[in-house]
Novice: 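Sending over a structure as structure tokens; questions will come in a sec.
Note that the structure is a prediction, hence the values are computed from the model and not measured. Basis for what follows: all heavy atoms, side chains included, without hydrogens, waters or symmetry-related copies. By convention in this document, chain letters (A, B, ...) are assigned in the order of the sequence lines, proteins followed by strands, and residues within each chain are numbered from 1.
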Amino acid sequence: MASPQLDKTYNPKAVEKQWGAYWAEHQLFQPRHTGEDGSFCIVIPPPNVTGSLHIGHALNNTLQDILIRWKRMQGLKTLWIPGTDHAGIATQNVVERQLKEEGQSREDLGRQAFIERVWTWRHQSGDTIIGQLKQLGASCDWDRLRFTMDEGLSLAVREVFVRFYKEGLIYRGERLINWCPRCLTALSDIEVQHEDLKGTLYHIRYALAEDPETFLTVATTRPETLLGDTAVAVHPEDPRYQHLIGKQVRLPLTTRTIPIVADSILVDREFATGAVKITPAHDFNDFEAGERHGLKPLTILDYKAQMDPVGLKNAMVDQDLLATLSLKSVQEARSIVIETLKQKDLLIQEEEHPMALGKCYRCKTVVEPYLSPQWFVKTAPLAVPAIEAVETGKIRILPEGWKNNYLGWMRQIKDWCISRQIWWGHQIPAWYCRNCNKNNLLDTGHAVEATTLPDSNKMSCFISPNAQPIVSKTDPKICPRCGGSDLFQDPDVLDTWFSSALWPFSTLGWPEQTQDLKTFYPTSTLVTGLDILFFWVARMVMMGIKLTGQVPFRDVYIHALVRDAEGQKMSKSKGNVIDPLTKMSQYGTDALRFTLASMASPGRDMKLAEERIEGYRNFVTKIWNAARFIQLHADGPKTAAPLESRPFPDRWILSRKPCHSGSHQGLRRLSL
RNA sequence: AGGCGGAUAGCUCAGUUGGCAGAGCACUGCCUUUACACGGCAGAUGUCGCAGGUUCGAUCCCUGUUCCGCCUACCA
């Protein structure tokens, strides 16, 4: 550096640009060392391909960058793999919103054209966040950039699906699943966010069939679903009701009678009236109770969470009410049902009742339990080694407090619903022969939709659970059973998290036994936020151990969430977002990174106020000016004096060399 | 409902084997001293949530309690 005098203040933009270009030109982030001292690998938590860098990314990637640069300086063969996630529902929603502005829907375009449209969008916007990561100074090996829908990664997905299917770890079945009536797709359990709210508990009288003057009172928060009731449950040992078990009640607003059954699992004697209505098609507990008592589910809501005329007819709802309720939303139907019950003097009490409501994590719409055929991963066998790996310390979770969280979830894991009724994603590698499945296609309780929906929107729930799929890595041409050639692929795509569960090894070339895989797998440390511990981390552990026989990473470092100065979650709608890109250009990348790093105490959310960034910007300037001061007073380079002849202050400074520095010790303490 | 975390200066937080309480910001005073006003120097500031207990000694360990936050959960 031979400039005559440094600027008075640090100018981050110029400096960052210069170093960015230098790093790129010299390809400094490729694994360069021999690996004699070991290797160190991090896979990036792939941000959504359509996303833009937010403060959480900034924190996450700053921490990874600190680790990876530290290891690189220590001489390890070091690799940080970058990439992006196709983010099925989220991305599809973005493009659908664009279409809507143009007055179009995805159905208007049709599946093929829609997917092409998403690819176009992906090519336009997909590199945005990558550029922003570079701006943040992330020292990823950019030559190894991956995308979950790359050819290689897609092959990995198919490989896993087929292997799992053959082993019985993937199956198709008709079950009650969480359904978003706006995204029109199934969701997994953890894609539902529960929100506490004040609900109302309605006490409704069901008259005894043999004696219309005697009533059994049930309590429910969802009176509209009573039309789909198939029984009422009481506790087998409840003296109030014991004599009623086995008798029939008339289901209000219908011409049906339903039995009173005894169920000690479903019924809590202490709660409300001690009598529970059972609606197997619209409640998870009731579904299980229904199976215990051999009750056939009666679906009354359609895929848009509207009252389904066909379902209402099957449920023998009163004629006049049926007409009124048809295609009404849940909310509207509830009001109508309540009003009608009141008129008939069957609603005897309303009380406030705290409850939790499930909402779609992508669009906040109220999620409905919905009976439909879906694909599932059988998780129990995968969970066993995933539990063991953490219990025995093959995988360390830091801070340790989250270990129990992980174990608790893993121990009571439920099967993972992996099919999504959307178009953007890895289409399920299963095909159906029309000839062999004549009676199993478009077989649905929702005849209305089956006949009115355009072909392109036929959902997999119209493929009966009895249909025989042909599961194959490559597209089959003929049916292996009958030799027929009229095949079509299952229209569903896989949960986004299915492909990201393979990320630590699919990015290294798996299933090919590549050199990268041999060198860098298992990866070293995974740095991520708590919010995706189950979505992502847990699934990577299950998949990794199952498919590679090894844990996907040794350490999981879970960092805090970034909140605003008041501790509120940052969100665009609240307007409290601190945009890292703006801050970088305002104060410099180092100031932002220093702020995030200094505040990132593990296991605790960070409240970030802009003043902090400003403060560290000042600190950066201070260092800059120290250099300026030295340059002003030093008159050019000199030969280094031997240590013994140096004054005490010099020797002290030299004793504080990097490997003894505070940051080095701090990082060592994590023993990552 | 269960599990976990937090409560320390006005604000945001550190405080890792228990030994007179710390930082940054904010605040006060002085300094227009050529590295830096995105500055320097000096300074004030706390019953360490509350109540017990262990200890020579507790912000730190134990018990109880209150408030806040998060995660998991099928109480209709």
Novice: Pick the P atom in B:rC62 and in B:rG5, then give their distance to the nearest Å.
Specialist: 11 Å
Novice: Tell me the interatomic distance from A:Trp624, atom CH2, to B:rC36, atom C1', rounded to whole angstroms.
Specialist: 12 Å
Novice: Please state the C1' separation for the pair B:rC13 and B:rC50 - nearest whole angstrom.
Specialist: 22 Å
Novice: Mind checking the C1' distance from B:rG6 to B:rU17? Whole angstroms is fine.
Specialist: 23 Å
Novice: Could you measure between the two C1' atoms, the one in B:rG29 and the one in B:rC61, and give it in whole Å?
Specialist: 43 Å
Novice: Side chain of A:Ala219: nearest nucleotide among B:rC70, B:rU72, B:rA76?
Specialist: B:rA76
Novice: Across the strands shown, which category fits A:Val218 at heavy-atom distances under 4.0 angstrom: base, sugar-phosphate, nothing?
Specialist: nothing
Novice: P atom, B:rU47 versus B:rA42: distance in rounded Å?
Specialist: 27 Å
Novice: Between A:Phe619 and A:Tyr10, does the ring centroid distance fall short of 6.0 Å?
Specialist: no
Novice: Salt bridge check, A:Glu224 against A:Arg222: does any charged N sit closer than 4.0 Å to a carboxylate O?
Specialist: yes
Novice: Expressed as a whole number of angstroms, how long is the span from A:Asp196:CG to B:rC75:C1'?
Specialist: 14 Å
Novice: Between P on B:rU72 and CD on A:Glu191, what's the gap in Å once rounded to a whole number?
Specialist: 13 Å
Novice: Nearest nucleotide by nearest heavy atom, which residue falls closer to the 5' end of RNA chain B, A:Tyr616 or A:Asn625?
Specialist: A:Tyr616
Novice: With a 3.5 angstrom cut-off on both distances, give the Watson-Crick or G-U wobble partner of B:rU33, or none if there isn't one.
Specialist: none
Novice: Could you tell me whether the side chain of A:Arg617 has a donor or acceptor atom within less than 3.5 Å of a complementary atom in the base of B:rC38?
Specialist: yes
Novice: Taking the side chain as every heavy atom from C-beta outward, state whether A:Ile245 and A:Val234 have any atom pair closer than 4.5 Å.
Specialist: yes
Novice: Name the nucleic acid region contacted by A:Gly199, choosing base, sugar-phosphate or nothing; use a 4.0 angstrom heavy-atom cut-off, strictly under.
Specialist: nothing
Novice: Between B:rG39 and A:Asn618, is there an OP1 or OP2 to side-chain N/O distance shorter than 4.0 Å?
Specialist: yes
Novice: Does B:rC70 have a Watson-Crick or wobble partner in any strand here, with both distances under 3.5 angstrom, and which is it?
Specialist: B:rG3
Novice: If you only use heavy atoms from C-beta on, which nucleotide in B:rA35, B:rC71, B:rA76 is closest to the side chain of A:Phe534?
Specialist: B:rC71
Novice: Which of the following nucleotides, B:rA35, B:rA73, B:rC71, is nearest to the side chain of A:Phe629?
Specialist: B:rA35
Novice: Out of the candidates A:Asp286, A:Thr225, A:Asp283, only one should pair with A:Lys277 under the side-chain hydrogen bond (donor to acceptor under 3.5 Å, both in side chains) rule; please name it.
Specialist: A:Thr225
Novice: Touch check for A:Ile278, heavy atoms < 4.0 angstrom, all strands: base, sugar-phosphate only, or nothing?
Specialist: nothing
Novice: Determine whether A:Arg175 and A:Asp415 make a side-chain contact, defined as any pair of heavy atoms from C-beta on separated by less than 4.5 Å.
Specialist: yes
Novice: Classify the nucleic acid contact of A:Ala233 as base, sugar-phosphate or nothing, counting any heavy atom under 4.0 Å across all strands shown.
Specialist: nothing
Novice: Between B:rU65 and B:rU28, how far apart are the two P atoms, rounded to whole Å?
Specialist: 45 Å
Novice: State which of B:rC38, B:rC75, B:rC74 makes the closest approach to the side chain of A:Lys414.
Specialist: B:rC74
Novice: Can you find a side chain N or O atom of A:Lys622 that sits less than 4.0 Å from OP1 or OP2 on B:rG40?
Specialist: yes
Novice: With rounding to the closest Å, how many angstrom separate the C1' atoms on B:rA23 and B:rA14?
Specialist: 7 Å
Novice: Nearest of B:rC74, B:rC71, B:rA76 to any side-chain atom of A:Thr221?
Specialist: B:rA76
Novice: Mind checking who B:rG52 pairs with, Watson-Crick or G-U wobble, both distances under 3.5 Å?
Specialist: B:rC62
Novice: Round to a whole Å and report the spacing from CD1 of A:Ile613 to C1' of B:rC25.
Specialist: 13 Å
Novice: Given that both distances must come in under 3.5 Å, which nucleotide forms a Watson-Crick or G-U wobble pair with B:rC25?
Specialist: B:rG10
Novice: Compare the minimum distances between each of B:rU12, B:rA35, B:rA76 and the side chain of A:Arg612, then state the nucleotide with the smallest one.
Specialist: B:rU12
Novice: May I ask you to test the A:Cys417-A:Leu187 pair for a side-chain heavy-atom distance under 4.5 Å?
Specialist: no
Novice: Rounded off to whole Å, could you give me the CZ-to-C1' distance for the A:Phe619 and B:rA23 pair?
Specialist: 12 Å
Novice: In whole angstrom, give the distance that lies between atom CD1 of A:Ile532 and atom C1' of B:rC71.
Specialist: 15 Å
Novice: How about A:His353 and A:Phe271: are their ring centres within less than 6.0 Å of each other?
Specialist: yes
Novice: Work out how far the P atom of B:rG3 is from that of B:rG64, and round it to whole angstrom.
Specialist: 12 Å
Novice: If you only use heavy atoms from C-beta on, which nucleotide in B:rA76, B:rU72, B:rC38 is closest to the side chain of A:Met355?
Specialist: B:rA76
Novice: Please classify the nucleic acid contact of A:Asn405 as base, sugar-phosphate, or nothing, using heavy-atom distances under 4.0 Å.
Specialist: sugar-phosphate
Novice: For the pair made of CZ in A:Phe594 and C1' in B:rC13, what is the distance, rounded to whole Å?
Specialist: 15 Å
Novice: So does A:His194 get a side-chain nitrogen or oxygen closer than 4.0 Å to the phosphate oxygens (OP1/OP2) of B:rU72?
Specialist: no
Novice: Starting from C1' on B:rA1, measure out to CZ on A:Phe271 and report it in whole angstrom.
Specialist: 12 Å
Novice: What I'd like to find out is whether the side chain of A:Leu526 reaches to under 4.5 Å of the side chain of A:Tyr557, using heavy atoms alone.
Specialist: no
